Each structure stands twice: as C-alpha cells, then as structure tokens.
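Take a look at the structure below.
What you are looking at is a predicted structure, and each value in this text was computed from that prediction instead of being measured.
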Amino acid sequence: MTDAVRRNQKRKPQQTTVQKAQAESQDVPHDSRCQASSWRRDVRRRLFAWFEDHARVLPWRSEPTPYRVWVSEIMLQQTQVATVLPYYERWMRQYPTVVDLANADEADLMRIWEGLGYYRRVRSMHAAAKRVVQEHEGKFPTDFDAVLALPGIGRYTAGAILSIACDQRLPILEGNTQRVFSRWAAMSLTPTETKANKWLWQFSEQLLPQHECGTFNQAAMEIGALVCTPKNPKCDECPIRQLCCTAAAGLQESIPGKITRVKYEDRMEFALVLSRKARGQECQEYLVRQLPNDARWAGLWDFPRPTEVETKTVDAAARWLEGELGTPVRVGARLKTIRHAVTKFRIQLHVHSASVNSKQTRSKLRDPLWRWVRQDDLANLPMSVTGRKIVHLLAQSEQSFLPLE
DNA sequence: AAACCGGGGGC
DNA sequence: GCCCCAGGTTT
C-alpha cells in the first residue's frame, strides 16, 4: 500500500472531522485552552513577529525552490544546520538543478555526501531525481501526492517542501515541532506514540494560518531549535510563554514525555586489510569491494568486512573472505581496534592485516565489486566513516614505514 | 563514556 | 505496528 493510498483511506471519514477531533482529544491528555481559536490566533501572531526578528539567514531560505528546499530538508533530517551548510553549498554548486542530480554519477554523489551518514537517503534522492526527469519532465512536482510518491519523501518532507517553496497549506511534524506543539498544548504523552502522533498532526494542521504556511512551519521549527530546546528551554526569551500551557503549569521537565530507546548492543566486527605493492610503483594497493545494493552501506566501498553475516572471530571473518574470493586467506597482525557507536550499536572493529595468493584471486577480482586500489585512489571512493578511518590508519602506516605484517 | 537525536521505508 | 537504517553532538 502506498502512502498516498493509506492517506486517502484515512480521509474516508466515518465521523465528521469535528467529531473525530473531539473523540481523539478525549483520549489525548492536553490543556483544552489551546483549542480556542483566539489562542491559535495569538500564537500565530506572536510566532510570526518573533520569526521576523530571529530567523537565521540560511542559503535555502534565500531562494526557496522545491528542489533547493528538498535538498536542505533531506540533509537536515540527520544533521545540524552548521554541519549542513558546507555540504549544501557544495551540493548546489555541483548539482544546481534536479536534472543535474538525475544525471549525476552515483559514486560522486556519495563522495559528496560522505560524512553525513545514512547513505540510503542519497540513493533515494538520486532515484527521485531520475523519476522527476522521466515522469515530470524535469520539473519538481508541486502536487502533494506526486511529491509524496517520490522515494525518500514522507508526509513531513512533502509538507515542508510544498509549504515552504509553494506556500501550500500543508502541516508538518518533525522532531522540533513534536516537542514545541507538545509543550504549547501541554500534551503529556510521548509524542512518538501512535495516538499522540496523530493528535499532533491534527494540532499542526489546526494551527496553520490561511496564508504564509511555509513561514509559519519554519518559524515553529526555528523556535524549537533556538528557544524551546529539549533541555533547559529558554522560556524567558519565548514569545509564546504567556500562551504556553506547559509553562503555565511548570511542566517543562516532564513535557514532552520521554521516548524510550532501544538499549545499546555491543558488537564485535572484523575488517581485513590485504595489501600488495603496486606494480612498478613505490606505493601499496589495497583490496576493497563495493557493497552490493541490498547490503548495509550499499554502493559504498569498504575493506573486506563481513556485513551480510555476523562473525565472532577474526578467523571466521577470514573464512568468509575465503568463500568470497575462492582462495585461502591468511590472517596477520591486528593493526588497530576502532571503537565506533552508531544507532544502537557499540562496535569494536578489529582491523587485521591478511594475505592471499593474489594469483589465485584473479577470477574473483574480475568481479567489478572487488578491486585492488592504490592508497591515493582510495580518497576518491565513497566510504563509510569506519572505512575512511582505516584509510587514515594505512596512510599513517605508510608514512612511518611501519610494515603491515 | 553515556545519552541523545529522528524521518522514511519495508514488512 | 515494529524494526531497520550503520553517524554526529551534547552532557
């Protein structure tokens, strides 16, 4: 079922909108003062006035076309504004239009993205751009359902793009506004809970003005980023303070409700560094592979490291590589242990040197997924954070003439 | 070092 | 409805 279909089904009302809103309001604890239209009017007025004085000057705000807003929204989904800025500028120089993006080389794209993480999102953007070219004649669609149908774009992102770039009257709900709206309304459930989430979407829609919805949505997110912060909100500076049901009740510590997160999971992983002297040159070259489409880090390059199966020992990792290459692999010294935390995993990555009889690997090495690559060429391949750390490690080893074995 | 952040998609 | 994604910042 597509999102568009699901949304349409949701729209098929068995109750009127008002009845439904009342039914849901009874379930979700909040302060009823925020239901008054006069309250909403005051909030809008104060928020707009505040935003006029406090809005940050950001590159995607100067010329908010759907494409530019889209790129900024995807980058901002995972990273803070300060980090995004240089990436955004580089991206826009390289791919000023959605057509340029559609024509981009995927490895170049991922190399530009390297460091932002969550690489599936770049691939989704690339695929979406191609569809914009094929299905919308290279013009980014401005119809909500058409935008929502693009890969990597959900209800939030579609609403953000079209409200900000086209001033369509569409609500948004993301991390900042979940918290801000929860506090304004003293909605005490955990905002990600299904019932609370539905309620907040509805709240967001009711709060929207008739015009300048994009400005309103940006202002709501901006105040969440600058004033109504998760810890120690700056209520003294907040223009909504007099209207805020949480501030009135002194509940800033307990609203929004805490999101229970999955526990950390310790994991041990192994990477194998196979090197050989580059033919007719001083430098070394290393065995790397491009990860297949369905794997973790799809499209990125990596040193031999089992990602499809879990391995508990370096020997198991070596046996995995033997299966991949069809030739015996000998494990050498441990070069380093890299500690790396990502999502719920705390990973100890043991990096070992290893060797094979390279004559016997020739058949597999014709496979475009496996390649011997010179140290300085590794710089041009898109890699995960840990992969890049291994490259740095090898650069240091070469510089200090430390033998790998 | 631990805790926190977070939207979209696949099933 | 639940789990996955594979990285950075704050405390």
Side-chain angles (χ1 to χ4, degrees), chain A residues 1-7 10 70 72-87 110 113-125 127-128 147-161 171-180 182 190-198 200-201 204 221 224-225 228-232 256-269 271 291 293-303 305-308 310 338-349 382-390:
Chain A
M1 201 188 330
T2 68
D3 279 338
V5 172
R6 191 175 297 132
R7 240 168 27 78
K10 211 185 290 175
W70 174 44
S72 72
E73 286 300 332
I74 300 295
M75 287 184 172
L76 287 166
Q77 271 173 19
Q78 49 205 357
T79 318
Q80 302 205 332
V81 169
T83 313
V84 162
L85 287 172
Y87 281 91
M110 298 188 85
W113 197 267
E114 195 184 290
L116 285 177
Y118 298 99
Y119 301 91
R120 172 174 298 182
R121 295 172 191 203
V122 196
R123 292 162 72 87
S124 293
M125 284 183 85
V147 174
L148 195 59
L150 295 173
I153 297 182
R155 185 176 178 188
Y156 161 72
T157 308
I161 294 170
I172 53 128
L173 189 67
E174 40 65 80
N176 282 310
T177 40
Q178 269 175 12
R179 180 176 65 255
V180 169
S182 294
T190 300
T192 51
E193 197 180 312
T194 309
K195 197 164 55 168
N197 182 263
K198 260 175 100 171
L200 285 167
W201 270 107
S204 177
M221 293 189 280
C228 197
T229 48
K231 294 241 162 95
N232 310 318
K258 288 228 184 303
I259 298 167
T260 54
R261 293 178 189 280
V262 259
K263 281 185 183 154
Y264 277 125
E265 197 176 304
D266 288 316
R267 193 162 283 192
M268 200 175 287
E269 292 190 357
L291 288 142
N293 273 331
D294 52 352
R296 182 210 303 182
W297 293 316
L300 297 184
W301 291 79
D302 196 17
F303 295 88
R305 154 163 43 167
T307 53
E308 296 91 338
E310 199 181 339
I338 295 172
R339 287 181 174 74
H340 176 65
V342 59
T343 62
K344 64 170 182 171
F345 300 111
R346 320 173 119 237
I347 298 159
Q348 276 189 28
L349 176 64
M383 288 187 152
S384 69
V385 166
T386 45
R388 189 59 64 196
K389 282 183 182 170
I390 295 176

pair [X]-[Y]: side-chain heavy atoms closer than 4.5 Å:
{"X": "A:Ile74", "Y": "A:Trp113", "answer": "yes"}
{"X": "A:Leu349", "Y": "A:Ile390", "answer": "yes"}
{"X": "A:Thr386", "Y": "A:Val342", "answer": "no"}

task: For DNA chain B, just give me the dot-bracket, please: Watson-Crick or G-U, both distances below 3.5 Å, ( ) intra-strand, [ ] crossing earlier pairs, | paired with another strand, . unpaired.
output: |||||.|||||
Out of [options], which has the shortest distance to the side chain of [X]?
{"X": "A:Arg346", "options": "C:dG7, B:dA2, C:dA6", "answer": "B:dA2"}
{"X": "A:Gln80", "options": "B:dA2, C:dT10, C:dG8", "answer": "C:dT10"}
{"X": "A:Tyr156", "options": "C:dG8, B:dG7, C:dT10", "answer": "B:dG7"}
{"X": "A:Trp297", "options": "C:dA6, C:dT9, B:dG7", "answer": "C:dA6"}

query: Quick one: do the A:Ser384 and A:Arg296 side chains pair a donor with an acceptor below 3.5 Å?
result: no
- prompt: Going by distance alone, is a donor N or O of one side chain under 3.5 Å from an acceptor N or O of the other, for A:Gln77 and A:Thr157?
  reply: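 Looking only at side-chain atoms, A:Thr157 and A:Gln77 do form a donor-acceptor pair, the distance falling under 3.5 Å.
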Looking at [Y], is its backbone amide N or carbonyl O close enough to the side chain of [X] to form a donor-acceptor pair, meaning the two atoms are under 3.5 Å apart?
{"X": "A:Arg305", "Y": "A:Glu269", "answer": "no"}
{"X": "A:Arg346", "Y": "A:Tyr264", "answer": "no"}
{"X": "A:Ser204", "Y": "A:Leu200", "answer": "no"}
{"X": "A:Thr177", "Y": "A:Met221", "answer": "no"}

[atom1] spacing across the pair [N] / [M], given as an integer number of angstrom:
{"N": "C:dA6", "M": "B:dC11", "atom1": "P", "value": "15 Å"}
{"N": "B:dG9", "M": "C:dG8", "atom1": "C1'", "value": "22 Å"}
{"N": "B:dG8", "M": "C:dT9", "atom1": "P", "value": "22 Å"}

message: Strictly below 4.0 Å, N to O, side chains only: are A:Arg267 and A:Glu265 in salt-bridge contact?
response: yes
Please classify the nucleic acid contact of [X] as base, sugar-phosphate, or nothing, using heavy-atom distances under 4.0 Å.
{"X": "A:Thr386", "answer": "nothing"}
{"X": "A:Leu150", "answer": "sugar-phosphate"}
{"X": "A:Ser124", "answer": "nothing"}
{"X": "A:Arg296", "answer": "base"}
{"X": "A:Ile74", "answer": "nothing"}

message: I want to check one thing: is the phosphate of C:dT9, taken as OP1 and OP2, less than 4.0 Å away from some side-chain N or O of A:Thr83?
response: yes
message: Is it the case that atom CZ in A:Arg123 sees more than 12 heavy atoms from other parts of the structure closer than 6.0 Å?
response: yes
[atom1] of [X] versus [atom2] of [N]: gap in Å, rounded?
{"X": "A:Asn293", "N": "B:dG9", "atom1": "CG", "atom2": "C1'", "value": "16 Å"}
{"X": "A:Trp113", "N": "C:dC5", "atom1": "CH2", "atom2": "P", "value": "18 Å"}
{"X": "A:Tyr87", "N": "C:dG8", "atom1": "OH", "atom2": "C1'", "value": "10 Å"}
{"X": "A:Glu265", "N": "C:dA6", "atom1": "CD", "atom2": "P", "value": "16 Å"}
{"X": "A:Lys344", "N": "C:dC3", "atom1": "NZ", "atom2": "C1'", "value": "8 Å"}
{"X": "A:Ile172", "N": "B:dG8", "atom1": "CD1", "atom2": "P", "value": "11 Å"}
{"X": "A:Asp294", "N": "C:dC4", "atom1": "CG", "atom2": "C1'", "value": "14 Å"}
{"X": "A:Arg388", "N": "C:dG8", "atom1": "CZ", "atom2": "P", "value": "12 Å"}

message: Quick check: on DNA chain C, is the nucleotide nearest A:His340 upstream (toward 5') of the one nearest A:Thr194, or the reverse? Name the residue that is more 5'.
response: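 The residue whose closest nucleotide sits nearer the 5' end is A:Thr194.
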Atom pairs, N/O to N/O, protein against nucleotides 4-6 of chain B, distance under 3.5 Å?
residue : atom : partner  : partner atom : Å
B:dC4   : N4   : A:Tyr264 : OH           : 2.9
B:dC5   : OP2  : A:Arg261 : NH2          : 2.9
B:dG6   : N2   : A:Arg121 : NH2          : 2.9

